[in-house]
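Single-structure report; data block below.
Counting starts at 1 for both ligands and their atoms, in listed order. Not measured: the values here are computed from a predicted model.
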Amino acid sequence: MKKYIAIAVIATGTAAFAHSGVKDPDVMNRMMGMSELAKQMKVIGSMHMGQASFDEAAVNAALEKIAEEASYIPSLFEKKALDPKSEALAVIWDNFATFTARAEALRTTAAGLAGTVEGSGDLMQVMHEIGRACGACHSDFRAK
Ligand code: HEC
């Protein structure tokens with residue numbers, strides 16, 4: 001899983017640049033996982049905002065990708081790694097069961113929504129539910 005993400009970083013290049021200065025590969029990999037989540041949210045968000053035309057297949061594919069990425073979160077954070085540029089709070093590793101449960105909540109939410117989106121009117125609910133699952137973890141485990 002980690003290897004797959006690292007390869008994706010090399011393939012896209014630009015994302016790696018955004019995190020220049022991060023030397024720890026574990027920190028880099030988990031940031032890339034998060035960036036991928038944000039990228040998929042942007043796909044859905046831009047349709048929700050009317051900046052892109054509604055594409056049912058693309059929304060459902062983004063939800064599936066979010067569910068897949070969420071399943072990688074526990075392994076990406078398994079090793080305690082801190083970096084000056086990291087926003088991860090040390091409490092993650094004091095309370096890894098809760099952290100993992102938040103990742104699983106995102107996974108099940110995204111997997112449950114995948115395949116259900118039929119019209120642009122469904123996007124508000126999707127943004128709300130996924131956003132809440134991201135925020136539930138960030139509020140406890142990510143520095144603001
Ligand atoms: C299980 C916990 C958890 C969930 C769920 C989660 N995140 Fe994160 N996220 C984190 C942590 C911890 C960090 C800080 C990582 C670091 O800086 O080392 C982070 C960082 C980020 C970052 C900044 C990455 C960077 O480049 O430094 C973005 C963007 C992000 N998350 C987006 C999302 C989105 C979008 C979702 C939902 C689709 C989401 N996250 C779900 C824990 C989570």
Evaluate side chain to side chain contact (heavy atoms under 4.5 Å, CB included) for Glu69 paired with Gln40, printing each intermediate quantity in order.
-> CA-CA 10 Å; Glu69 279 298 332; Gln40 299 305 325; 5.9 Å; no
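- Salt bridge present: Arg102 and Asp140 bring a charged side-chain N and a carboxylate O closer than 4.0 Å.
- With values rounded to the nearest 0.5 angstrom, Met41 atom CE is found 6.5 Å from Ile130 atom CD1.
- Remark: among candidates Ala101, Cys134, Ala88, Ala105, the nearest residue to atom 35 (C) of ligand 1 is Cys134, based on non-hydrogen atoms.
- When non-hydrogen atoms are compared, ligand 1 lies under 4.0 Å from the side chain of Ile92 (C-beta onward) but not from its backbone.
- Note: the hydrophobic cluster containing Leu76 also contains Phe96 (ILVMFWY, side chain heavy atoms under 4.5 Å, direct or indirect links).
- Using a cutoff of 4.0 Å between basic side-chain nitrogens and carboxylate oxygens, Lys39 and Glu36 are scored as salt-bridged.
- Note on Phe77: it clusters hydrophobically with Leu82, by side-chain heavy-atom contacts below 4.5 Å among ILVMFWY residues.
- Ligand-side atoms of ligand 1 in range of Ala103: 1 (C), range being under 4.0 angstrom from any heavy atom.
- As for His138, its N/O/S atom nearest atom 8 (Fe) of ligand 1 is the one called NE2.
- Residue contacts with ligand 1, taken as heavy atom pairs separated by less than 4.0 Å, involve Arg30 solely via side-chain atoms from C-beta onward.
- Within the set Arg142, Glu104, Met31, the minimum heavy-atom distance to atom 23 (C) of ligand 1 is found for Arg142.
- Neither the backbone nor the side chain of Lys85 comes within 4.0 Å of ligand 1, counting heavy atoms alone.
- Which parts of ligand 1 touch Ser35 is read off a 4.0 Å heavy-atom cut-off, strictly below it: atoms 26 (O).
- Both Val91 and Phe99 are part of a single hydrophobic cluster, where members link through side-chain heavy atoms under 4.5 Å apart.
- Close approach of ligand 1 to Phe141 is summarised as follows: ligand atoms under 4.0 Å from at least one heavy atom of the residue are 12 (C).
- Using a 4.0 Å cut-off to heavy atoms of Cys137, the atoms of ligand 1 that qualify are 1 (C), 2 (C), 3 (C), 4 (C), 5 (C), 42 (C), 43 (C).
- Interface atoms of ligand 1 facing Phe77, defined by a heavy-atom separation under 4.0 Å, are 11 (C), 12 (C).
- The backbone and the side chain of Glu87 each have at least one atom closer than 4.0 Å to an atom of ligand 1 (non-hydrogen atoms only).
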Please walk me through it: do Glu104 and Arg107 pass salt bridge (Lys or Arg N to Asp or Glu O under 4.0 Å)?
-> CA-CA 5 Å; Glu104 180 60 12; Arg107 193 192 66 75; 2.8 Å; yes
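- Among the atoms of Arg102, none of the N or O lies under 3.5 angstrom from an N or O of ligand 1.
- Closest of all the heavy-atom pairs between Gly115 and Asn60 is N-OD1, 2.7 Å.
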